[in-house]
Structures are given as C-alpha cells and as structure tokens.
Number of protein chains: 2
Amino acid sequence: MATARVESRRAATRATIIETAWEIARTQGWGRVGVREIAAHLEMAPSSLYGYFAGNDAIHDAMFIAGNHELSVRFESLPTDLDRRSMLIETARHFVAFCDEDPARFQLLFQHAVPGWEPSPDAYSSAVDNYEHMRSVMGRVGISDGPSLDLWTALTSGLASQQVANDHGGDRWLRLIETAVDMFLRREST
Amino acid sequence: MATARVESRRAATRATIIETAWEIARTQGWGRVGVREIAAHLEMAPSSLYGYFAGNDAIHDAMFIAGNHELSVRFESLPTDLDRRSMLIETARHFVAFCDEDPARFQLLFQHAVPGWEPSPDAYSSAVDNYEHMRSVMGRVGISDGPSLDLWTALTSGLASQQVANDHGGDRWLRLIETAVDMFLRREST
DNA sequence: GTCTATATTTGGATAGAC
DNA sequence: GTCTATCCAAATATAGAC
C-alpha cells in the first residue's frame, strides 16, 4: 500500500535527521545541536524538520531513547551462563566501553550535559528500564541488597566517567576492571 | 591611600558579582548564568559588568578558580596525623560532601556541564594543582602507583556523582564510604 | 562607574505559497 | 513535503553620554 511506503520513507528521513544530529554532537558538541544546524547539514530548510519532529526537544528525546535502546541491546548480547566474576567483569567492560566509544552519547545519557534540555517522562522511562535490567542481572548473581547495588553503580559509573574524560579511546580505566571487580567481590567475604 | 580604597571596593564588587552568579547557577542552572541575568539580579545595567570582568567567560573562569580554591582549603583543613584508613575515609568524605553540598559547583568543576564554556589554561591549572595535592596526600599513606591512584579517583568520583545526581542532600552514597575504603584497602592484601 | 541605546549573532518556531 | 519569509526571544558585547 501507499501508506506503508510513505510511512517507511518517513521513518527513514527521521533516522537520517537523528544520525545527522549525532554527528554534530560528536564533532561540535551538544551546544551546536539544533534545528538550524541539523537542517544545514542536510541541506534542508530548518522549517522542514518540523514535519518529522515537534521541535528541538523531541529530537533530543528521540536520541536519548535511541541511546538507551542501544545500551539495552548490548546488555542483551551478553552470555547468561557466566560465573559471577565473569558476569560482573563482562557487564562492566561492556558498560565502560559503551560509554567511551561515544562521549557525546555518554553525556546525553548519563551526564545531563545538554543545555536547556532534560528528558521527557516518556524518554526517561527508557533509562529506568535499563537500570531495572541491570538490577535483575545483578540479582541473578546474588547481588541484590541496596548498598551493594549502590556501590556497584558508583564503581562502574566512576570508571566510565574517568575513562571518557581523561583517557578517551585508551584503556587506562578499562584495564582496571578486573581489579575493580575482584575488589568488589572480596569486600563481602570476611 | 585612595587607590587602595578604590582597589578594595573594586574587589568587593567583583566578589558580589561572582556570588550572584553562583546564586543563579544554583537556583536556575548554568544555562541561565550570563551577564544579563547577573546584572538583573544586581539591578545594574549589563554593560556595567564589563568594568569588572572581560566578559562571560572571565566570570566563569573566576568561579572555576574560586571553586577549586575552596576545595583546596577544605583539604588543607584535614588532620595530617591520621592513620591510613582514617585518612582515606576523611579525604573521601570531605570530597563527596564538598561535591554534594553544591551541585552547581560540582558541575562546573568536574562535569564540564557549562554550555559554551571551558576553562582557560590559567583557570585549568587550579584544577591541576588540586589533583597534584591529592596525589601527594595519597603518596603520604603509601599509595602512589598509577593504577591504584586511578582506581581511587574512579571510586571517589563515582561515589560523588551518584550522590549528587541521585540522592542530593541525603547520604545514600556518603554512608558507603567506609565500606568503599575498606574494600579499596583490602584489594592489595593477598 | 554607570547608564541608555544599539549592533550583532544566534536560536526556535510559525505562516503560507508552491 | 519543502521552501521562503518572517517573527520572536535571548544573549554577548560595544559606543558614547553623564
């Protein structure tokens, strides 16, 4: 049907807009991401974008949701039959690598570093979903008490933020993950 | 002399400008900090501020330097005769509390979250000074190898960012510091 | 020192023609 | 769907009078 073709064309254009916005965020920073700049890259009139997104905030929301979705896909790709230690190591490695491979995405998802924007409730729920998924994975290897989960999030988010901010593209904090996990696991043994 | 009085008056006005800027950052976010908004709070004309600061960036630089200076003062207030464990606990506590007591300052100093601004080389050196000081404190209690320092910065910055972002004003991560330090210290013992 | 007035830039967003 | 033409709102910064 024609409507289906039109719909898919529309989706493709939306995807192109988002991809262009990511490109700008990566190369010029979040301060430059806006309807005007995106339109310029696409050689479109800024007003044309409003046929695809309600406005600048809606574009950011779509990117936020896409970023969270990508993270959830990565986590689902992890094997589920690993032992405790390997599970934590792989989870942390995936997370830190995910953050470091795209600092712009890291800033959007985890650092609230986008001027004048915060996620809509709908977009925010995609972040909550990921947190819940992390909790269930941790629960599966026997870590479910609040303080342990909080210590784990502090540890992994600290490794990620240091890696991104001070050694992007390297492995200065990435290679500390085994040590960090062993340290974390030993904390509970008397 | 008149010049000295004039100088001190000038310094006082500069201080008032900075204090007003902090107030705006805390209550309205960094996106609203600018010469216009500051001037409005002070009931001055925006152009008058240029007699005290070269511009918006210079104001941010001054705040960045002041924030780092405040942190260094806090660290210098710590007792120096503590044992290893107490030293790490107190250092971490001071740091996390410092971050949490003013999220706006935390964002400026550690999260590069101010749209369109980054510290001048001169301002940046005040941050480097603090890092070097932290290194020397850690060295005094026998922690001086790179990986240990990196793990320590990841751990403390992770605790701080989680505390600020997810439990500002509370103690959900603050109270994990003893556990975290014990975990950190035990990591090196066989 | 401080003001008024203004230049300049940069955004988001809308109306209406085609 | 896309464009042109605007509108409107911020924001930095400067010129020049008082």
Side-chain angles (χ1 to χ4, degrees), chain A residues 1-18 20-21 23-25 27-64 108 113-120 123, chain B residues 1-18 20-21 23-25 27-64 113-120:
Chain A
M1 281 183 211
T3 44
R5 233 184 10 250
V6 166
E7 268 309 305
S8 118
R9 181 101 182 75
R10 209 181 129 75
T13 306
R14 281 176 60 103
T16 309
I17 291 168
I18 295 299
T20 304
E23 188 62 25
I24 295 166
T27 55
Q28 304 179 258
W30 283 105
R32 307 283 316 188
V33 177
V35 283
R36 286 187 117 99
E37 190 72 21
I38 297 169
H41 272 67
L42 289 168
E43 294 177 81
M44 289 174 76
S47 56
S48 300
L49 296 188
Y50 290 85
Y52 300 95
F53 291 97
N56 206 35
D57 286 359
I59 293 174
H60 285 83
D61 278 342
M63 298 172 83
F64 185 83
L108 180 72
V114 177
W117 173 83
E118 38 181 79
S120 67
Chain B
M1 282 180 214
T3 44
R5 236 186 6 251
V6 166
E7 268 309 306
S8 118
R9 183 102 182 77
R10 211 181 126 76
T13 305
R14 282 176 58 104
T16 309
I17 291 168
I18 296 298
T20 304
E23 188 61 26
I24 296 165
T27 54
Q28 304 180 259
W30 283 106
R32 307 283 316 185
V33 177
V35 284
R36 279 174 174 268
E37 190 72 21
I38 297 170
H41 273 66
L42 289 168
E43 295 177 80
M44 288 173 77
S47 55
S48 301
L49 296 188
Y50 290 85
Y52 299 95
F53 290 98
N56 207 32
D57 287 359
I59 293 174
H60 285 84
D61 278 341
M63 298 173 83
F64 184 82
V114 178
W117 173 84
E118 39 181 78
S120 67

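Because the structure is a prediction, the values reported are computed rather than measured. Letters go in sequence order (proteins before strands), and every chain restarts at 1.
Taking atom CZ of A:Arg14 as the reference point, atom P of D:dG1 lies 12 Å away to the nearest angstrom. The separation between A:Tyr50 atom OH and D:dT6 atom C1' is 13 Å, rounded to whole Å. To the nearest angstrom, P of C:dG12 lies 8 Å from CD1 of A:Ile59. When rounded to the nearest whole Å, the span between CZ of B:Phe53 and P of D:dA13 equals 13 Å. Counting to the nearest Å, the P atom of D:dT12 and the CH2 atom of B:Trp117 are 15 Å from each other. Rounded to whole angstrom, the span from the CG atom of A:Asn56 across to the P atom of D:dA9 amounts to 18 Å. Atom CG in B:Leu42 sits about 15 Å away from atom C1' in C:dC3, given to the nearest Å. Per the geometry, CD1 belonging to A:Ile38 stands 15 Å off C1' belonging to C:dT10, to the nearest Å.
With contacts defined as side-chain heavy-atom distances shorter than 4.5 Å, the pair A:Trp117/A:Leu108 qualifies.
Residue A:His41 holds its NE2 atom at 5.5 Å from OG1 of A:Thr27, rounded to the nearest 0.5 Å. Separation of atoms CD1 (B:Ile24) and CD (B:Glu37) is listed at 5.0 Å; rounding is to 0.5 Å. Between the CD1 atom of B:Ile59 and the CZ atom of B:Arg14 there is a distance of 9.5 Å, given to the nearest 0.5 Å. Between atom OG1 of residue B:Thr13 and atom OH of residue B:Tyr52 there is a gap of 4.0 Å, rounded to the nearest 0.5 Å. Rounded to the nearest 0.5 Å, atoms OG1 (A:Thr20) and CD (A:Glu43) are 11.0 Å apart.
Toward the 5' end of DNA chain D, the nearer of the two residues A:Arg36 and A:Ala45, judged by each one's closest nucleotide, is A:Ala45.
Here A:Gly51 lies out of heavy-atom contact (under 4.0 Å) with every strand. Residue contacts for B:Arg9: at a heavy-atom cut-off of 4.0 Å it reaches no nucleic acid atom on any strand shown.
In the helix from C:dG1-D:dC18 to C:dC18-D:dG1, the end axes, each obtained as the rotation axis mapping the C1' atoms of four pairs onto the next four within a five-pair block, lie 10° apart to the nearest 10 degrees.
The side chain of B:Arg10 contributes no N or O atom lying less than 4.0 Å from OP1 or OP2 of C:dG1. Applying the 4.0 Å criterion to OP1 and OP2 of D:dT2, one finds that A:Tyr52 has a side-chain N or O inside that range. In this structure, A:Ser48 does not reach the D:dG1 phosphate: none of its side-chain N or O atoms is under 4.0 Å from OP1 or OP2.
For B:Ser47 against C:dT4, a side-chain-to-base donor-acceptor contact under 3.5 Å is present.
Distances from the side chain of B:Val6 to the nucleotides C:dG1, D:dG1, D:dT14 place C:dG1 closest.
Sparse packing is recorded around CD of B:Glu118, with 12 or fewer heavy atoms of other residues, nucleotides or ligands lying under 6.0 Å away.
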